[in-house]
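Encoded as structure tokens, the structure appears first; notes follow it.
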Number of protein chains: 2
Amino acid sequence: MDPSSVKIPPMLDLTADNITPNTLLINSQCPDKRFKYLMAQLVTHLHDFARETRLTTDEWMSAIQFLTATGQKCSSTRQEFILLSDTLGLSMLVDAMNHPKPPGATEGTVLGPFHTDDAIVYEEGASICSEGKGEPMLVQCTLRDTLGNPVVGATIDVWETDDTGHYDTQYEGREGPDCRGILRSTEEGFAFKAVRPVSYPVPTDGPVGDMLKKLKRHAFRPSHMHFKINAPGFDELVTALYIRGDPYETSDAVFGVKSSLITDLNKISDTKISDALCAAKYGIKPGDWLLCKDFVLTTNEQNSQLRVKAAEAALRKLGSRAKLVDGLPVADDLD
Amino acid sequence: MDPSSVKIPPMLDLTADNITPNTLLINSQCPDKRFKYLMAQLVTHLHDFARETRLTTDEWMSAIQFLTATGQKCSSTRQEFILLSDTLGLSMLVDAMNHPKPPGATEGTVLGPFHTDDAIVYEEGASICSEGKGEPMLVQCTLRDTLGNPVVGATIDVWETDDTGHYDTQYEGREGPDCRGILRSTEEGFAFKAVRPVSYPVPTDGPVGDMLKKLKRHAFRPSHMHFKINAPGFDELVTALYIRGDPYETSDAVFGVKSSLITDLNKISDTKISDALCAAKYGIKPGDWLLCKDFVLTTNEQNSQLRVKAAEAALRKLGSRAKLVDGLPVADDLD
């Protein structure tokens, strides 16, 4: 629609019933079709929420104060809005929609609020953790495409808590990255030394913590290690490995656990030859922990095809009149 | 429902389709029925929004950053989230639902982000503005209930911009309230001196300003003076008088204008006897501006009856299975 052809009627005497179409109408001047569609759906849901709950002025003000406090809790090392999105299941949903997987590919999960951009690149087998951060653990992985070909030269960003359940960013006076690092894959995959992950509560000293308390929800995540894997031609894989048997395995506060990502944690044996070779190669000892995983990446093309197919199915199911442009819904111009 | 009877199933392998019922289920442990209902509707709308728009990871991150910046723009004298609510039509909707009016009562409108709690109580006829803040204007009002009885002893909180279109809180180094004040009503109503309001843009140097630019919307509000009127037994009246003939009268950036609140601004005549008496009484001169209004308050009882009636009608229209408890919807326990 040509913006100059939009007839904005007098915005006067708006009521609880006609405020919504009028807000959509004034926003319809937006030349960016995708943004216009996002705003139209946002305003519609926001107003419907208020109308069907009969949101009170006091509740509205509590929400204003909650959102304000959530924004003000954020810093360069704390992202309370991501935590809110995580605990409301939105992050998991956005990840699932954006990263559908073909059979055999490694599933994704939530990024969480603790990724940073300052991790250091480590050599194969190096430790991403400083001394004394927990029980030593070797992580040994392969990295392939869905046809079984090794993916060489990928960037693997990993991060985890120490044995107290805290990420480096949660310590005051943090001087640099710890318990996080970047690896590059070879034909054999990649390996690094780390510490055994532990379960921990998401930060509860902010507005999201207050919300969880009010909902009588626990704040724990099961023990896990994060991975963010990028390689040219492949869809970014944001995932995590969950240590099998964790008490919070089936009640993760941020809905991130998938069966296929639950992984056995074993001890390096002092009798198995393969373990002895591994121990020798990486300078670890029997009794240290060993976490192994075969990661399988999805190509950009596979991702794109699966995303569009899922979008088409979802719009059909919703009876939506939106059409897909570049794989994303926008309003039908005839609306 | 007894929380101990809620069977929370294993939260594992959640998909774009089943994440919503599972999030509702884990939140269903909340003992506060109203909060549980608000959260259930919020999560449902949030997820539906993401699903039907196929929200991308980049768009989700933009939203996280927008909300964070909005929170961080807030200060003791700036409320960017209220401005967001105002420009999305939500504030107007919440006001309309919470303050329905019986015939003859003065309509309400948006509070806006510029009310403060530090206004001074003034004597009848005093000026709420310091010298040089604009063209002098006398505001002379009556205050009655819908039966025509004067409402005596009400607290009338008023605030407006100066002639540059800025509230006192928008000046750096603000030392105290200006162009705002509190009056008390007598049998005759209330009167105070102020300055002629001017139209002005809402603050555009924050995230909400960026959003309006992207939507190709102007940021102006028509000239107006705010009133917040409280009296025992009466529903709080948050309203404003809009000066007739303002160029933004029909395109208010925050959807606040109602025909019944558009008011003539006249000059004190040098020939009319009533104006001469008024000028003598309040120490103003011919040529100064005069704004008059008969305010009519709604009782708490009238408000309560109208609210419940509107809530019942809205739930019927929506086909909602929620039931009203204390006039507000909560989920049916059998759901």
Side-chain angles (χ1 to χ4, degrees), chain A residues 3 10-16 19 23 26-27 29-31 35 38-39 41-43 45-57 60 64 67-68 70-72 74 81-82 88-90 92-94 96-98 214-217 250-252 255 257-259 311 314 318 320 328-329, chain B residues 3 10-16 19 23 26-27 29-31 35 38 41-43 45-57 60 64 67-68 70-72 74 81-82 85 88-90 92-94 96-98 214-217 250-252 255 257-259 311 314 318 320 328-329:
Chain A
M11 295 277 159
L12 256 182
D13 295 321
L14 299 181
T15 67
I19 180 69
T23 307
I26 208 161
N27 286 351
Q29 304 165 96
C30 179
F35 189 63
L38 288 170
M39 289 301 295
Q41 302 312 104
L42 177 73
V43 166
H45 280 293
L46 186 66
H47 289 194
D48 282 350
F49 165 74
R51 252 189 304 263
E52 75 194 14
T53 61
R54 315 310 290 172
L55 192 68
T56 70
T57 305
W60 169 84
I64 294 285
L67 292 168
T68 303
T70 301
Q72 299 200 335
C74 295
F81 269 115
I82 292 187
L88 294 183
L90 178 64
M92 192 269 136
L93 170 57
V94 169
M97 287 193 305
N98 282 276
K214 202 162 171 182
L215 288 168
K216 301 279 179 206
R217 281 172 54 177
T250 58
S251 66
D252 182 3
F255 311 100
V257 183
K258 303 210 168 126
S259 307
L318 290 162
S320 167
L328 295 174
Chain B
M11 294 276 160
L12 256 183
D13 296 321
L14 299 180
T15 67
I19 179 69
T23 307
I26 207 161
N27 286 351
Q29 304 166 96
C30 179
F35 189 63
L38 288 171
Q41 302 312 103
L42 178 73
V43 166
H45 280 293
L46 186 67
H47 288 195
D48 281 349
F49 166 74
R51 251 189 304 263
E52 76 195 14
T53 61
R54 315 310 290 172
L55 192 68
T56 70
T57 305
W60 170 84
I64 295 284
L67 292 169
T68 303
T70 300
Q72 299 201 334
C74 296
F81 269 116
I82 292 188
S85 169
L88 294 183
L90 177 65
M92 192 269 135
L93 170 57
V94 170
M97 287 191 306
N98 283 277
K214 202 162 171 183
L215 289 168
K216 302 280 179 205
R217 281 172 55 175
T250 57
S251 66
D252 182 4
F255 311 99
V257 183
K258 302 208 169 129
S259 307
L318 289 161
S320 167
L328 295 174

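This one's a predicted model, so the numbers in the text were calculated from it and none came from an experiment. Residue numbers begin at 1 in each chain, while the letters A, B, ... track the order of the sequences.
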Per-residue tally against chain B (heavy atom, under 4.5 Å) across D252(A), N98(A), V257(A) peaks at N98(A)
Most heavy-atom pairs under 4.5 Å with chain A, out of K214(B), M92(B), R51(B), Q72(B), belong to K214(B)
Cut-off 4.5 Å, heavy atoms of chain A, and the answer for L328(B) is side chain
Of T68(B), D48(B), I82(B), the largest count of non-hydrogen pairs under 4.5 angstrom with chain A goes to T68(B)
What one should report as the nearest heavy-atom pair of A16(B) and A96(A) is N-CB, 4.0 Å
*asked:* Given 3.5 Å as the limit, does a donor-acceptor pair link the side chain of H47(B) with the main chain of L88(A), or not?
replied: yes
Okay, S320(A) and chain B: the region with an atom under 4.5 Å from a heavy atom over there is neither
Under 4.5 Å to a heavy atom of chain A? For L318(B) that would be side chain
- Task: Check whether any side-chain heavy atom of W60(B) lies under 4.5 Å from a side-chain heavy atom of L90(A), and answer yes or no.
- Result: yes
Turns out that what part of T23(B) lies under 4.5 Å from chain A's heavy atoms comes down to both
Rounding to 0.5 Å, atoms CG (L12(B)) and OG1 (T250(A)) come to a distance of 6.0 Å
Under 4.5 Å to a heavy atom of chain A? For I19(B) that would be side chain
Open item on the list: Angle between ring planes, F81(A) versus F81(B), binned at 30° and 60°: parallel, tilted or perpendicular?
Closed with: tilted
Given T15(B), T70(B), V43(B), L55(B), the one with more heavy-atom pairs under 4.5 angstrom with chain A than any other is L55(B)
The interface call for T53(B) against chain A, heavy-atom contacts under 4.5 Å, is both
Cut-off 4.5 Å, heavy atoms of chain A, and the answer for F35(B) is side chain
Checked K216(B), K258(B), E52(B), R54(B) vs chain A; the most non-hydrogen pairs under 4.5 Å come from R54(B)
